[in-house]
Amino acid sequence: MRIRHEQKILRGMTFTLAFAALQFFVLVSAFAKDTPRASAGVAVGAQYDTTHVYVAAADLDKFVASFVATFGGKPSPRITANVLPVPSSTLAQYVWTPIGTLSTFGFTTPVPYPFGQERNGYLVSDMDKALRAAREAGADIIVDKFRDPIGLDAVIQWPGGVKMLLYWHDKAPMYDALESIPDNRVYVSPDSADVFAHDFVRFSHGKIVADDKQADAGEIGRRGEKYRRIRIESAFGKMQVMVSDGHLPYPFGHDTTGYHVKNLADTLRKAQAAGAKILSPRFDGDDRSSAIIEFPGGYIAEVHALKAAH
């Protein structure tokens with residue numbers, strides 16, 4: 001009797017995991033529109049760069065509602081599953097907006113190391129090829145590839161300590177192109193800036209589009225000073241590298257993504273109406289105006305609008 005009871009439990013667990021995997025595939029595929037095209041290297045497209053947001057499970061609803069009210073778009077259905085290589089459980093929800101995408105997590109168990117430290121997830125066309133390319137470019141594989149309900153994942157770390165996740169799906173997702181591509185905002189020291197930029201460009205098959213050693217440091221909360229700002233573009237999307245001595249006033253350094261909007265004032269009004277707080281007020285830099293906001297649940301983001309070219 002006990003053996004039959006345990007077999008019944010096992011069959012139930014198998015069904016539950018399979019159902020969770022199916023739900024997760026449905027929620028990701030709900031946004032499928034355009035067939036992704038492979039580019040040079042392993043990148044698939046900027047619309048597949050998802051910012052990873054970890055909030056308390058109790059805060060997930062209000063965070064997602066606030067984010068969507070600010071930027072538009074829509075959230076997927078939510079699932080509860082183990083998406084890691086070790087025992088754990090999280091609420092998981094994908095959020096699509098026309099200016100960037102999120103993978104949100106509300107863990108109901110402790111978060112295993114080093115998860116929660118990866119800033120984003122990059123979709124790759126081939127996981128083994130991506131990991132080889134990352135190693136060859138100078139990255140460490142700090143979490144080797146593992147299966148999740150719908151594909152493979154791995155976590156890599158670049159010089160300077162920048163962590164990101166690579167992911168691959170059993171069935172390729174297909175999303176609309178974004179209206180504007182967000183910045184992956186990376187803070188590094190002068191000791192690692194050149195190595196990081198070189199290594200990431202090699203991996204991404206991208207290019208440095210700007211390297212300003214006298215950028216206005218008001219962008220990172222230090223008005224009246226200068227700092228080095230590197231901008232990189234690749235098929236993965238945009239990246240802005242802030243090179244500093246680490247003397248960063250709060251909340252700078254906590255922002256991992258910068259969202260490009262058409263009208264900054266309107267966006268800030270929407271954000272506040274949706275429960276977000278302005279942590280650093282509008283700053284007018286050389287080519288953009290920006291602010292730092294915090295959404296319910298603690299997610300901190302930069303928001304910017306470009307100035308008209310003269």
Side-chain angles (χ1 to χ4, degrees), residues 20-21 23-34 36 44-81 83-84 90-108 111 115-116 118-123 148-151 153 164-165 167 169 173-185 236-238 254-262 267-268 270-277 292-304:
Q23 282 185 306
F24 195 75
F25 175 72
V26 168
L27 72 85
V28 172
S29 299
F31 304 94
K33 296 292 174 96
D34 296 333
V44 179
Q47 64 268 44
Y48 305 99
D49 176 7
T50 67
T51 297
H52 284 202
V53 179
Y54 290 70
V55 298
D59 293 332
L60 193 54
D61 279 333
K62 57 186 177 182
F63 164 67
V64 170
S66 177
F67 194 85
V68 171
T70 301
F71 297 123
K74 59 183 178 180
S76 72
R78 184 176 301 162
I79 66 164
T80 300
V83 297
L84 302 185
T90 184
L91 306 177
Q93 192 165 21
Y94 179 85
V95 181
W96 182 91
T97 81
I99 63 168
T101 57
L102 306 178
S103 292
T104 65
F105 306 98
F107 272 80
T108 56
V111 182
F115 295 94
E118 81 284 3
R119 60 181 39 250
N120 63 322
Y122 280 147
L123 177 65
D148 67 18
I150 58 171
D153 305 90
M164 57 182 59
L165 180 139
Y167 72 97
H169 284 172
M174 295 172 286
Y175 310 152
D176 274 337
L178 300 173
E179 290 180 8
S180 63
I181 298 173
D183 292 331
N184 191 336
R185 290 172 62 85
F236 286 119
K238 296 182 178 180
H254 291 281
D255 49 308
T256 59
T257 301
Y259 297 98
H260 175 195
V261 299
K262 294 178 180 178
T267 300
L268 294 180
K270 288 180 182 178
Q272 287 181 297
K277 297 182 293 185
I292 305 289
I293 59 179
E294 180 182 24
F295 289 94
Y299 173 57
I300 295 173
E302 188 258 17
V303 183
H304 62 268

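Scope of the values below: all heavy atoms of this structure, side chains included, with no hydrogens, waters or symmetry mates.
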Between [atom1] on residue [X] and [atom2] on residue [Y], distance to nearest 0.5 Å:
X      : Y      : atom1 : atom2 : answer
Thr50  : Asn120 : OG1   : CG    : 7.0 Å
Ser66  : Lys277 : OG    : NZ    : 11.5 Å
Ser103 : Asp49  : OG    : CG    : 9.5 Å
Thr257 : Lys238 : OG1   : NZ    : 13.5 Å

For Phe105 and His52, take the angle between the two ring planes, folded into 0 to 90°, and tell me which bin it lands in: parallel under 30, tilted 30 to 60, perpendicular over 60.
perpendicular
For the residue pair Phe67 and Tyr299, categorise the inter-ring angle as parallel (less than 30°), tilted (30 to 60°) or perpendicular (more than 60°).
tilted
Contact check, side chains of [X] and [Y], non-hydrogen atoms, under 4.5 Å:
X      : Y      : value
Leu178 : Trp96  : yes
His304 : His260 : yes
Lys270 : Thr267 : no
Thr256 : Arg185 : no
Tyr259 : Thr51  : yes
Val83  : Thr90  : yes
Tyr122 : Asn184 : yes

Ignoring hydrogens, what is the shortest heavy-atom contact between [X] and [Y]? Give both atom names and the distance.
X      : Y      : result
Pro173 : Leu123 : CG-CD2, 3.8 Å
Pro98  : Gly73  : CD-N, 4.0 Å
Val64  : Pro75  : CG1-CB, 3.6 Å
Ala274 : Pro296 : O-CG, 4.2 Å
Ile181 : Gly237 : CG2-CA, 4.0 Å

Taking side chain to side chain contact (heavy atoms under 4.5 Å, CB included) as the definition, give me every residue that meets it alongside Ala65, ordered by chain and number, with sequence neighbours left out.
none
I'd like to check the side chain to side chain contact (heavy atoms under 4.5 Å, CB included) partners of Ala271; sequence neighbours left out, ordered by chain and number.
Thr70, Ala276, Ile293
Using ring-ring contact (aromatic ring centres under 6.0 Å, His included) as the criterion, list what pairs up with Tyr167, not counting sequence neighbours.
His169
Name all residues meeting the side-chain hydrogen bond (donor to acceptor under 3.5 Å, both in side chains) criterion together with His254; count only those two or more places apart in sequence or in a different chain, and write none if there are none.
none
Please enumerate all residues that pass side-chain hydrogen bond (donor to acceptor under 3.5 Å, both in side chains) together with Thr101, with sequence neighbours excluded.
none
Short question: side chain of [X], backbone of [Y] - any donor-acceptor pair under 3.5 Å?
X      : Y     : result
Thr104 : Gln93 : yes
Thr80  : Leu91 : no
Thr97  : Phe71 : no

Which residues share a salt bridge (charged side-chain N to carboxylate O under 4.0 Å, His left out) with Glu118, sequence neighbours left out
none
Can you check side-chain contact (heavy atoms from CB on, under 4.5 Å) on Val261 and Ile99, steps first, answer last?
CA-CA 7 Å; Val261 299; Ile99 63 168; 3.8 Å; yes
Assess whether side-chain contact (heavy atoms from CB on, under 4.5 Å) is satisfied between Phe63 and Val95, documenting all intermediate values.
CA-CA 11 Å; Phe63 164 67; Val95 181; 5.7 Å; no
